[in-house]
Amino acid sequence: MRKYTPKELGRFRDRTRLVLAGRDPADSFGFVNPPIVRGSTVLYQTVEDFNLRKARFSYGTRGNPTIEALETAVNSLEGGAGCVLCPTGLLACTLPLLAALSAGDHILIPDSVYRPTRIFADGMMKRLGIESSYYDPLIGADVATLFKPNTKAVFTEAPGSQTFEMQDIPAIVAAAHARDAVVIMDNTWATPLYFDSHRFGVDYTIQAGTKYLAGHSDVLIGTVSARTPEQYKTLRNAWEALGVLIGSEDAFLTLRGSRTLKVRLDAQQKAGLEMAEWLQARPEVARVHYPALPSDPGHSLWKRDFTGASSLFSVTLRPVGAKAVAAFLESLELFGMGASWGGYESLALPFDCSAYRTATTWKAEGPTIRFHIGLEDVEDLKSDIDAGFQKLRQAA
Ligand SMILES: *Cc1c(COP(=O)(O)O)cnc(C)c1O
C-alpha cells in the first residue's frame, strides 16, 4: 500500500478508489487510516523557512493532514481541478456564489432549489447587490431566453430534493457557456458516483456531504469542486479569505463514511426503487416522484445522464386530512421524522413547497411526504408503512 494522487486513482473503479483515497501508511505511523491532526500553529526551524512559509502545512487555517486526506478523496470522486471543504452543506451552496459573483451581477436559480439556498439569495446576496431570478426547473434549453446582459451564473439542482423535478443539465450548460456564465450545481442527490457533473460541464459542483458522503447522520460537512484550475483558484481564494475550515474529527468521520459510499448507495438505490414501486401500487398513493421510475416525467433525462439514483423520493397521497397524515407518520416505527437524509436509517416527513415557489406553481392533488430509504430490510420497511397506512385509513 502506497499513497495515490487523485490522478493515479483514476485508473481504478469506484469502490477501489474509495478504499485507497487519502491513505498513506508511511505518513500514518503504519496505521491504515490517517491520524486526526488538530492544530493551529505550525513550527519552523529557520527564519528563512518561516519567512517563506516553507512547510507542507503553513498554518492550521490552510489545512492539515486529516483535511488533506479528505480533499484527496473528494478530488478523486469529483474529477475536477480541486475542491474545498466546508463545515456545512449550506456553506458549500453559498461559497461558490460568493466566490464567482460580484455586485451588479445576476444569477438564475431553479424554483425547486434547496430552500436555504433561496433564502441566502433573497437575503444576503441581494444586500450585496447580486440580483437573483427564479426559473422553471423543467425549462431546459429555453433557459437561454432568461439571460440578461449581466447574467454571470446559473444555479442547478437535479433532481430537486422535495419535488424531484429533473433538470436538463447539458442543455443548461450549453446555454450558460455560450454566454460566458458559469454553472453551479447542487449534486447532493446523485453524488458524483451517479452523476459525473464536471464531465457534463458543470463548473462548480456541490455536495452536502452531511448526506450520503458521511452517511451516518453524525456529521455536518459540505464540499465544492471546481472544474478548471482558474475556477479552483477563485473558489480557494474565497475559502481562504473567509476563513472557512472544517474540524479534523468531521474530516475523519466523513473519510470513514466515504469508504462505503458506493456499497451503501448501490444497496440504497436497490431498496429505494423497490420501495418506490411498492408505494406506487398502493391505493393510498396518487403519485411517486422519483426519476428512477419509468413512469416519472424526468425518467428519460435521468436515464440519459445519470448512472444511478439515490434513495430519496417523495409521494403525493390521495387527498386525505392532515390528521390522517399525522396518524400515519407518527405511527411509523422504522421511519424517523426529521430533516436531512443520506444516512443509514430511513426517514419520512411531510412537506409543502407550494408557499415559497415564485416562478412556477407546484400543485399536488394530496398531501406530500418525502421518504429516505436507509439500510434496513425492505420487507420490514413495507410492513411498517403497511401498518401506518392502516392508521391513516382509520384516522381519515
Ligand atoms: C441538506 C442539503 C443541503 C445542506 O446541507 P447541510 O449540511 O444540512 O447544511 C444542501 N443541499 C441539499 C440538496 C440538501 O439536501
Side-chain angles (χ1 to χ4, degrees), residues 70 74 78 83-98 109-125 134 137 155-167 169 183-195 197 202 204-225 242 244-247 249-251 253-254 257-258 261 265 268 272 289-291 298 306 309-314 336-343 345-349 351 353 356-357 368-374:
L70 179 58
V74 172
E78 300 279 8
C83 73
V84 296
L85 305 176
C86 301
T88 62
L90 178 55
L91 188 58
C93 295
T94 59
L95 186 69
L97 299 173
L98 288 173
I109 301 176
D111 216 15
S112 53
V113 75
Y114 175 65
R115 195 168 179 214
T117 303
R118 176 189 284 264
I119 292 168
F120 179 76
D122 294 347
M124 187 169 285
M125 273 178 30
Y134 293 90
F155 202 93
T156 61
E157 190 178 321
S161 66
Q162 289 188 320
T163 54
F164 298 90
E165 291 155 284
M166 275 300 299
Q167 295 205 262
I169 301 295
V183 175
I184 304 169
M185 178 179 187
D186 186 334
N187 192 27
T188 300
W189 183 82
T191 84
L193 290 183
Y194 287 167
F195 184 66
S197 57
V202 170
Y204 296 100
T205 190
I206 296 155
Q207 278 189 81
T210 307
K211 313 290 164 59
Y212 288 107
L213 186 63
H216 294 74
S217 306
D218 54 3
V219 53
L220 288 152
I221 195 151
T223 72
V224 193
S225 172
L242 289 165
V244 181
L245 197 75
I246 64 164
E249 274 83 3
D250 290 347
L253 285 172
T254 306
S258 75
L261 177 64
L265 263 181
Q268 285 175 270
H289 308 269
Y290 190 40
F306 287 53
S310 67
S311 63
L312 188 78
F313 58 83
S314 64
M337 203 183 337
S340 203
W341 42 279
E345 82 291 6
S346 289
L347 298 166
L349 51 73
F351 72 91
C353 60
Y356 45 82
R357 287 179 72 127
T368 41
I369 294 175
R370 188 178 75 180
F371 287 97
H372 172 255
I373 307 302

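Numbering of ligands and ligand atoms starts at 1, following listing order. Only a predicted model underlies this, so the values are computations on that prediction, with no experimental measurement involved.
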Ligand 1: protein N/O within less than 3.5 Å of ligand N/O:
unit_1   : atom_1 : unit_2 : atom_2 : d
ligand 1 : 7 (O)  : G89    : N      : 2.8
ligand 1 : 7 (O)  : T210   : OG1    : 2.5
ligand 1 : 9 (O)  : G89    : N      : 3.2
ligand 1 : 9 (O)  : L90    : N      : 2.9
ligand 1 : 11 (N) : D186   : OD2    : 2.7
ligand 1 : 15 (O) : K211   : NZ     : 2.6
ligand 1 : 15 (O) : W341   : NE1    : 3.1

Original post:
Does Y356 have R115 sitting over its ring (NZ/CZ under 6.0 Å from centre, angle to axis within 45°)?
Top reply: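 Yes, a cation-pi geometry holds between R115 and Y356.
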**OP:** Would you kindly check if the NZ (Lys) or CZ (Arg) of R357 is within the cone defined by 45 degrees around the ring axis of Y134 and under 6.0 Å from the six-membered ring centre?
**Re:**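 That pair does not qualify as a cation-pi contact.
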Original post:
T223 and side-chain contact (heavy atoms from CB on, under 4.5 Å): which partner among L85, T254, L70?
Top reply: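 Result: among L85, T254, L70, L85 is the only option passing the side-chain contact (heavy atoms from CB on, under 4.5 Å) with T223.
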Subject >> Atom pair OH (Y204) and SG (C93), whose distance is rounded to the nearest 0.5 Å >> reply: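 Result: 15.0 Å between the selected atoms.
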Original post:
Short question: side chain of H372, backbone of R370 - any donor-acceptor pair under 3.5 Å?
Top reply: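 Looks like no, no N/O pair under 3.5 Å.
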Subject >> Backbone N/O of G374 and side chain of S346: donor-acceptor pair under 3.5 Å >> reply: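 Side chain of S346 to backbone of G374, a donor-acceptor pair under 3.5 Å: yes, one is there.
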